[in-house]
There are 2 protein chains.
Amino acid sequence: MLLAVAERIQSHLDATARAVGVTHAQVKVLMQLDQPQRLCDLASLQDCDPSSITALVQRLERDGLVQREVDPNDARARRIRISAKGKRSRQKFLELMGDGRAALDTLSADERAALAAMIAGG
Amino acid sequence: MLLAVAERIQSHLDATARAVGVTHAQVKVLMQLDQPQRLCDLASLQDCDPSSITALVQRLERDGLVQREVDPNDARARRIRISAKGKRSRQKFLELMGDGRAALDTLSADERAALAAMIAGG
DNA sequence: TATTGTTATACTCTATAACTATA
DNA sequence: TATAGTTATAGAGTATAACAATA
């Protein structure tokens with residue numbers, strides 16, 4: 001049941017990202033770029049392999065949503081910075097997404113009550 | 001916040017599926033095979049393109065988790081049936097997954113209360 | 001030597017378009 | 001003509017392994 005809700009939120013998230021012209025994974029990265037982040041830090045935050053982030057960031061850069069710059073403190077590292085276009089995409093996504101409550105709209109009152117009790121009592 | 005919980009459940013789901021040696025998408029299909037299903041019905045249930053299900057089922061069949069048979073009522077259609085091995089994988093997944101409550105364990109009591117209120121009142 | 005990141009490669013999921021076979 | 005399914009192709013996400021540059 002909790003799983004069904006998670007699936008529904010996930011679908012809502014995917015659809016919203018698509019409406020903005022980005023993917024779910026790309027949005028997750030954009031969300032973490034309030035400050036420029038090193039690539040390895042992004043990998044830690046997303047709990048995935050650095051090579052995956054390299055690929056992801058390459059697509060974000062290709063689409064003009066981020067810029068890469070050398071870390072002034074470590075010539076090995078790259079800092080990823082969100083662009084103006086990236087900020088617009090992120091903002092648009094958040095507006096469309098709301099707080100995710102829309103994903104609960106398909107649940108009945110009974111289902112919502114049961115779910116709330118489960119979470120509160122978990 | 002709701003989104004964070006959904007992400008956490010999603011991760012738990014992915015990790016559990018991986019532990020059983022299948023993918024999240026494959027488990028979702030196995031869950032819908034209490035009765036044999038036609039491929040086009042699986043596509044509807046998963047809300048995805050039939051060609052995606054064709055590919056997915058090919059991998060499930062390769063791994064011995066399902067069998068395909070011609071629908072006796074329609075020579076165009078194929079019925080997908082879960083195998084004994086598939087049932088064991090599904091069972092193991094459900095046992096490891098529990099009811100998904102484990103995904104809530106990282107939330108504080110305050111967070112859980114806030115989330116429960118949001119769901120109940122949504 | 002250890003860390004940061006990239007490249008090469010491979011696999012899964014997904015979609016679109018063109019196709020075959022059957023209804 | 002419409003429906004069920006497949007194949008070809010492509011793009012995204014992910015991982016492993018081997019590698020280069022820097023610390």
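Numbers restart at 1 for each chain; the letters A, B, ... are given by sequence-line order, proteins then strands. In this text, all values refer to a predicted model and were calculated from it rather than measured experimentally.
When rounded to the nearest whole Å, the span between CG of Leu13(A) and C1' of dG13(D) equals 16 Å. Nucleotide dA15(D) holds its P atom 8 Å from the CG atom of Asp47(A), rounded to whole Å. Atom CD in Gln10(B) sits roughly 13 Å away from atom C1' in dC13(C) (whole-Å rounding). In this structure, the CD atom of Glu7(B) is 14 Å from the C1' atom of dG13(D), given to the nearest Å. Arg79(B) has its CZ atom 16 Å from the C1' atom of dG5(D), to the nearest Å. Remark: C1' of dG5(C) and CG of Asp41(A) are 13 Å apart, rounded to the nearest angstrom. Going from atom CZ of Arg78(A) over to atom P of dA23(D) covers 10 Å, rounded to whole Å. Asp49(B) has its CG atom 14 Å from the C1' atom of dT3(D), to the nearest Å.
Within the 4.0 angstrom heavy-atom criterion, only backbone atoms of the sugar-phosphate kind lie near Gln58(B); the bases stay farther away. Among the atoms of the strands shown, only primed sugar atoms or phosphate atoms (P, OP1, OP2) are found under 4.0 Å from some heavy atom of Asp74(A). Residue Leu56(A) is in sugar-phosphate contact alone, with no base atom involved, counting any heavy-atom pair closer than 4.0 Å across all strands shown. Residue contacts shown for Arg68(A) are limited to sugar-phosphate atoms, with no base heavy atom under 4.0 Å away. Backbone-only engagement by Arg38(A) is indicated by non-hydrogen atom pairs under 4.0 Å involving sugar-phosphate atoms exclusively. The residue Arg62(A) sits close only to the backbone: its heavy atoms come under 4.0 Å of sugar-phosphate atoms, none of a base.
For the pair Gln46(B) and Lys28(B), the minimum side-chain heavy-atom distance is below 4.5 Å.
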Dump the intermediate steps for salt bridge (Lys or Arg N to Asp or Glu O under 4.0 Å) on Arg78(B) and Glu69(B), then the final yes or no.
CA-CA 6 Å; Arg78(B) 299 289 177 273; Glu69(B) 50 195 39; over 6 Å; no
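In terms of polar N and O atoms assigned as donor or acceptor, the side chain of Ser51(B) never comes within less than 3.5 Å of the base of dT14(C) in a complementary pairing.
Residue-to-nucleotide proximity on DNA chain D shows that, of Leu39(B) and Arg76(A), the 5′-proximal contact is made by Leu39(B). Summary of the strand contacts: Pro50(A) and Asn73(A) both lie near DNA chain D, and taking for each the nucleotide with the nearest heavy atom, the more 5' one is attributed to Pro50(A).
Each of dG5(D), dT16(D), dT7(C) was ranked by its minimum atom distance to the side chain of Thr54(A); first place goes to dT7(C). Of the candidate nucleotides dT22(C), dA17(D), dT14(C), dT22(C) has the atom lying nearest to any side-chain atom of Ala75(B).
Within a 6.0 Å radius of CD in Gln35(B), other residues, nucleotides and ligands contribute 12 heavy atoms or fewer. Counting heavy atoms of neighbouring residues, nucleotides and ligands inside a 6.0 Å radius, atom CG of Asp34(A) exceeds 12 of them.
Defined by atom type and a distance below 3.5 Å, a donor-acceptor pair is missing between the side-chain atoms of Glu7(A) and His12(A). Asp49(B) and Ser51(B) are linked by a side-chain donor-acceptor pair at a separation below 3.5 angstrom, with hydrogens and angles left out of the test.
Between Ser52(A) and the phosphate of dA15(D), there is a side-chain N or O to OP1/OP2 separation shorter than 4.0 Å. Applying the 4.0 Å criterion to OP1 and OP2 of dG13(D), one finds that Arg59(A) has a side-chain N or O inside that range.
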